[in-house]
Colleague: 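Take this structure, written in C-alpha cells, and hold onto it; I'll ask about it next.
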Amino acid sequence: MSRYQSTRIPKTERITKLVEHLYAKMPEIESARATLLTESYRQTENEPVILRRAMAFAHILKAIPIIIREGELIVGSSTIAPRGCQTFPEFSYEWMEAEFDTVATREADPFYISDQTKKELKEANRYWKGKTTSELATAYMAPEALKAMEHNMFTPGNYFYNGVGHVTVQYEKVLAIGYEGIMKEAAKELAGCKVGDADYATKSRFLQAVLISCQAVIDYAKRYAALAKKEAEACKDPVRRAELSQIAENCERVPAKGARSFYEACQSFWFVQQLLQMESSGHSISPGRFDQYMYPYYKKDLDEGRLTREQAQEYIDCIWVKLNDLNKCRDADSAKGFAGYSLFQNLIVGGQDASGQDVTNDLSFMCIEASFHVFLPQPSLSIRVWNGSPHDLLVRAAELTRTGIGLPAYYNDEVIIPSLMSRGVTLEDARTYNIIGCVEPQKAGKTNGWHDAAFFNMCRPLELVFQNGIDCGEQIGPRTGDVEAMKTFEEFYDAYKEQMNYFISLLVNADNAIDQAHAERAPLPFLACMVDDCIRRGKTCEQGGAIYNFTGPQGFGIANVADSLYAVKTLVYDEKKVSMADYKKALLFNYGREVHPLVVAQVAGIAARELAKNGVTGDADAVAKMTQEILRQSVTAEDQRKFSELLELIEAVPKFGNDIDEVDAFARDAAYTYTKPLLSYQNPRGGVFQAGLYPVSANVPLGAQTGATPDGRLAGVPVADGVSPTAGKDVHGPTAAANSVSMLDHGIASNGTLFNQKFHPSALSGDEGLDNFVSLIQTYFDRKGSHMQFNVVSRETLLDAQKHPENYKHLVVRVAGYSALFTTLSKSLQDDIIRRTEQGF
Amino acid sequence: MGLLQEVYMDDILQTRGRIFDIQRYSIHDGKGIRTIVFLKGCVLRCMWCCNPESQEYQIQTMMVDGKPKVIGEDVTVGKVMETVERDRQYYRRSGGGLTLSGGESLCQPEFARALLMVAKSRGIGTAMESMGCAPYEVIDGILPYLDTYLMDIKHTDPAKHKRFTGRANGLMLENARKIAASGKTNLVIRVPVIPTFNDTPEEIASIARFADQLPGVTRIHLLPYHRLGQDKYDGLGREYLLKDLLPPENEHMAMLKKTVESVSKLHCHIGG
C-alpha cells in the first residue's frame with residue numbers, strides 16, 4: 001500500500017462563499033489595535049519594556065472587537081472588515097498620516113479608511129512621537145549610512161518601519177501542550193530564577209511577560225467561545241447551530257490545552273498564526289511544514305473513523321481562506337516593492353525528516369488541493385524537491401503551476417541543506433528546514449533569521465564608479481579615481497568592488513541600528529515563547545534568544561551588473577571599440593534617449609559643483625540655469641550617433657542567460673562582490689550576515705531609482721529579477737537560461753535565491769507536458785539551482801496584452817519553431833496563439 | 001575506444017551539413033525535453049508549410065521583425081553536437097534527446113546519419129521528423145541510429161497529395177511499409193490536419209487504416225493546422241497561398257480523433 005493517498009477531493013460550496021465574502025469590498029484600515037495599545041502604554045510608563053509589551057498585548061486581546069464571519073468553521077479575525085488591517089504605531093506611523101488621503105486611491109494595494117478612523121489613529125499616534133523603533137534606529141545609524149539611504153543605495157525599509165516577522169514558530173508545541181503547557185514551562189523556569197542571578201531582572205520580567213501573553217491568548221479564544229455559543233443560541237438553522245456549538249467547544253479547549261482532534265488542531269494553529277500578527281506587524285510569519293505537524297492529528301482521526309478526508313480538506317481550505325483574511329498596510333513605496341497585499345505566509349510541503357527519509361503524506365497533497373480550491377495568493381505555497389521526492393507530488397504541484405496562479409515555488413533540498421549547514425545549522429535541523437517569506441530557508445522554532453533585511457541595489461555602486469563616488473553632486477562613496485584613467489579592466493573592477501564594500505558596510509550599519517532598536521523598544525514575548533531557546537535564556541528573539549541568528553539582506557540586479565561589467569570589459573578593454581569617455585557620457589545622458597529625471601538630477605549635481613568651484617553656493621536659480629544649459633548643449637548630433645552605435649555594440653555582446661560559459665562565469669564572480677563581503681559582518685544578536693539574491697517585486701521601484709547602466713539598460717527601467725537573466729536578453733529558451741543561472745553560486749547566497757521563468761501553458765499541456773516540466777525543474781536542481789518559480793501566461797493575460805501592448809513589451813510566446821514578442825505579431829497570429837492557450841488545458 | 005574508431009569518429013565529427021536553426025527545450029516532437037536541429041532543404045513544397053525558409057537548400061535572407069536575417073549555416077556535426085550536449089542532463093531526466101527536422105533531413109543523408117550516429121554513440125536518444133521521401137537504401141543506413149521515426153503521412157490519395165505538396169505519395173507510403181517491416185525503429189505516424197486538404201473524417205480514416213496496417217505502429221498524432229509561419233512568407237517575399245484558411249476547431253479535432261479510434265487500434269493524440 002502506498003504511504004499516502006493522493007486522489008483529488010472536490011471543493012465545497014462553503015469555500016466558494018467564504019472567498020466571495022472575503023473579496024466583496026476593498027480592504028479597510030481599522031484603529032482598534034492602535035487605540036488599545038496606546039491606552040495601555042499610557043498606563044504603564046514606569047514598567048520594563050518587556051512587561052509593557054505583554055500588558056499592551058493583553059489589553060488589545062481583551063477589548064478588540066471580534067467577529068465570526070458567515071459560514072466560517074475556523075474562527076479568529078483581527079479586523080471586523082474582511083481583509084482589513086490594524087496599525088502598529090510603535091514601529092512607525094508618520095508615513096501613514098502623510099498618506100491618509102491617498103491610501104484609498106493609490107495604485108499598489110489601496111485601503112479604505114474612514115474619517116473616524118483617521119481621527120482615532122491621529123489621537124493614538126500622537127503618543128508615539130519620539131518613541132518608535134524607527135526613530136530609535138535612525139538615532140543609532142551612522143550619518144553616512146543615512147546619506148547612502150537618501151541616495152537610494154539600499155533601503156532597509158522593511159524592519160525600519162515595521163515589525164520583523166519572518167519566522168516560523170513551534171506550532172507543533174502549541175498543538176501538543178497548548179499555552180497552558182507553555183505557561184507551565186515558563187513558570188518552572190521562573191521558579192528557578194534566583195534573585196541574586198546577574199540576569200534576574202531581565203529574565204524574570206521576560207518570563208512574566210510570557211505568562212501574561214499566553215494567558216491573554218487563552219482568554220481571547222474564550223471570547224470566541226462565548227461569541228460562538230451566543231450565536232449558536234440565536235441561530236435558527238440547525239446545521240449552522242451545530243457548527244457554532246462545535247466552534248464554541250473548540251475555542252474553549254484550544255489553544256489553552258493540547259488539541260484532541262484534527263479540527264481542534266486546525267483551530268489552534270489558526271490562533272497562533274493570527275495572533276503572532278496581532279503582536280507585531282512583521283510579515284512573512286510562515287506556517288512552514290504544515291503537512292508534517294498537522295499529520296498526527298489527521299492520521300489519528302482518520303484511523304479512528306472520526307474524520308473523512310473530505311472533512312479534513314474543508315478545514316484546510318478554511319485555513320487557506322483565513323490566511324487571506326489577514327492584511328497589512330505598508331507605506332506607498334514599500335507597497336510597490338511588495339505588491340499584491342502579500343503577507344508571504346510561506347507554507348511548505350514534502351521533503352525529508354531529520355534522518356533524511358521522504359515524508360510526503362496525504363496532507364502534502366491536500367495542501368496543494370487547497371490552493372486549487374481557494375485559488376488565492378496566500379499561503380505562499382512551496383514544495384521541497386529532492387532526489388527522493390515522489391513523482392506524483394511533483395506532477396500535482398506542476399498541475400497547480402499550470403493554472404497560472406504562480407504557485408507553488410520549488411525548492412531544492414540538495415542545495416539548501418548543505419548551504420544551511422555551512423552557516424552552522426546541524427544536519428538534522430537542516431534536513432527539516434522550511435522556507436520563510438519568499439525564498440529564505442531556515443530551521444523552524446530555532447531561528448531569528450531577519451531574512452528580508454534590506455534591498456541592496458548592486459547597480460548603484462557601478463554608477464558611482466563612473467562618477468568617482470559622486471551622486472547628484474554629493475561625494476557619498478569612496479573616491480575610486482577618474483574612470484577614464486583606469487588602464488585595465490582589473491582596475492575598473494577593483495573600483496567597483498571598493499564601492500560595493502563601502503556601501504555594504506553602511507548597509508550593515510543601518511541593519512544593526514534597526515536590530516538594536518527592535519531589541520530595546522519592541523521585544524516580543526508571545527513570539528518568544530514558541531522559539532527555542534528564548535525561555536531558557538530569558539530573552540526574546542530580538543534580544544538574541546533564538547538558537548540561530550542571521551541577518552539576510554538581498555542583492556538586486558546581478559544580471560545587469562554581470563552584463564554591464566562584461567560589456568565594459570569587452571568593448572572598452574578587450575576590443576577597444578569604445579572609449580571610456582564616450583561610455584561615461586552615454587551613461588550620464590541616458591544614451592541620448594529620454595531626459596529622465598535621474599539625468600537631470602545628476603547634471604544638476606555637476607552644475608552645483610561647478611558653481612561651488614567658482615564660489616557660488618546655495619543659488620538654486622543659478623544651478624537650474626546651468627543645468628538647462630548643459631542639458632541643451634552637451635549632446636551633439638555626433639554624440640547621438642555614437643550613443644546609438646554604442647547601444648548596438650552592447651546589444652551584440654553576449655549576455656547572461658544564454659548558456660555561454662565565459663559570460664556565466666563572469667556573472668558568478670559578479671555575484672560574489674555582494675555575497676562574499678557580507679559574510680564577514682555580524683549582527684547584535686550574535687549571528688552573521690548572509691546574502692539573499694531575490695527581488696520580491698522591488699526590482700521595479702529600484703530600477704526606477706537607477707540611471708542608465710553599461711548593459712544598455714536605460715534610466716528608470718526595472719533591474720533584473722532575482723537571479724534571473726535580464727528580461728528579453730535570454731534568447732535560447734528555458735534550458736539555456738536555467739544552465740546559466742545554475743552557474744551562480746547558490747550555496748553562498750544562503751538567504752535564498754529566486755529564479756523566475758515564464759511559460760506559455762502549451763509547454764505544460766497534457767501529462768507529457770507536466771512530466772517534461774518536472775524534468776526541467778529536476779535538472780536545474782541537479783545542476784545546483786536552489787529555487788524556481790513560474791509565471792504561466794494565462795489566456796486573460798494574452799487578451800490584456802492585445803489591448804495594452806505597452807504593458808507587455810517583454811511577453812515572449814512560442815511561435816512555430818521560434819519565439820517572438822507577442823506584441824509584435826499581427827492580430828490574427830495573436831488570436832491563434834490565444835486559441836492555442838485554450839488548447840493547453 | 002580503439003585508435004581506429006577514434007580516427008573514424010573524428011572524421012564523422014567533421015561531416016558538414018546545412019542547418020537553419022537549433023531549437024532547445026522542444027517538448028512536442030518526440031519524448032521528453034529535446035533539442036531539434038532543423039536541416040535545410042526539402043523535397044516537397046507543402047502549401048501550408050510553417051517553415052518556408054526550410055524548403056530551399058541555398059542560404060537565403062529573410063526579413064524578421066523588419067531586419068534582414070541570414071537563413072542557413074554550414075556547420076560540422078561536431079559543432080552541432082556542442083549545442084546538443086548542453087542539455088544532456090535534461091535528456092537524462094526526461095527521456096529526451098536529439099530530434100532532426102527540416103526541411104526533409106533525408107535531403108542531407110550523410111550529415112543526418114552522422115549526427116544520429118554520434119548522438120547515439122554518446123548515449124543521447126534520437127528521433128527524426130521526416131516524410132521518408134528518399135530511396136529506401138538511404139533510410140536503411142540511418143535506421144540503426146534512430147530510436148524514433150516521426151513520419152508524416154499527409155494523404156493517401158496520390159493526386160491530391162501531388163496537388164498540395166508538389167509530389168505524389170507512392171515512394172513515401174512504400175517506405176513507410178518498409179521501415180515498419182524492418183523493426184529497427186519505433187515508427188510514429190503524424191498527420192498535419194489541413195482544412196480543405198485532408199480534414200474530412202474519410203480522409204483521416206483512410207490514413208489511420210493505412211497506419212494501422214503497418215507492423216509495430218501503435219501511435220498516430222494529429223497535428224492541427226496553424227498559421228504561425230505566415231509572417232515568414234512575407235519575410236521571404238513569397239505569397240502565402242492559404243491566407244483565408246482557418247485552423248480547425250477544437251471540436252473538429254476531437255471528432256477526428258474519435259474517427260481514428262473507431263477505424264483503428266491506434267493510440268491517437270492531438271498535437272505532437
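Order of the sequence lines fixes the chain letters, A, B, ..., with proteins taken first and strands second; residue numbering starts at 1 for each chain.
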Colleague: If I take atom CZ from residue R24(B) and atom CG from residue D659(A), how far apart are they, to the nearest 0.5 angstrom?
Modeller: 4.5 Å
Colleague: So which of D771(A), T779(A), L776(A), I777(A) actually passes side-chain contact (heavy atoms from CB on, under 4.5 Å) with R93(B)?
Modeller: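 Output: one option passes, namely T779(A).
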Colleague: Step through the shown structure and confirm whether more than 12 heavy atoms of other residues, nucleotides or ligands are within 6.0 Å of NZ on K120(B).
Modeller: yes
Colleague: About how many Å separate CD of Q778(A) and CZ of R92(B), when rounded to the nearest 0.5 Å?
Modeller: 10.0 Å
Colleague: Between the side chain of N739(A) and the main-chain N/O of R86(B), is any donor-acceptor distance below 3.5 Å?
Modeller: yes
Colleague: What pair of heavy atoms forms the shortest contact from Y25(B) to F773(A), and how long is it?
Modeller: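 Closest approach of Y25(B) to F773(A): OH-CA, 4.2 Å.
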Colleague: What heavy-atom pair brings S94(B) and N772(A) nearest, and what distance separates the two atoms?
Modeller: CB-OD1, 4.0 Å
Colleague: Is it the case that more than 12 heavy atoms not belonging to E648(A) sit under 6.0 Å from its CD atom?
Modeller: no
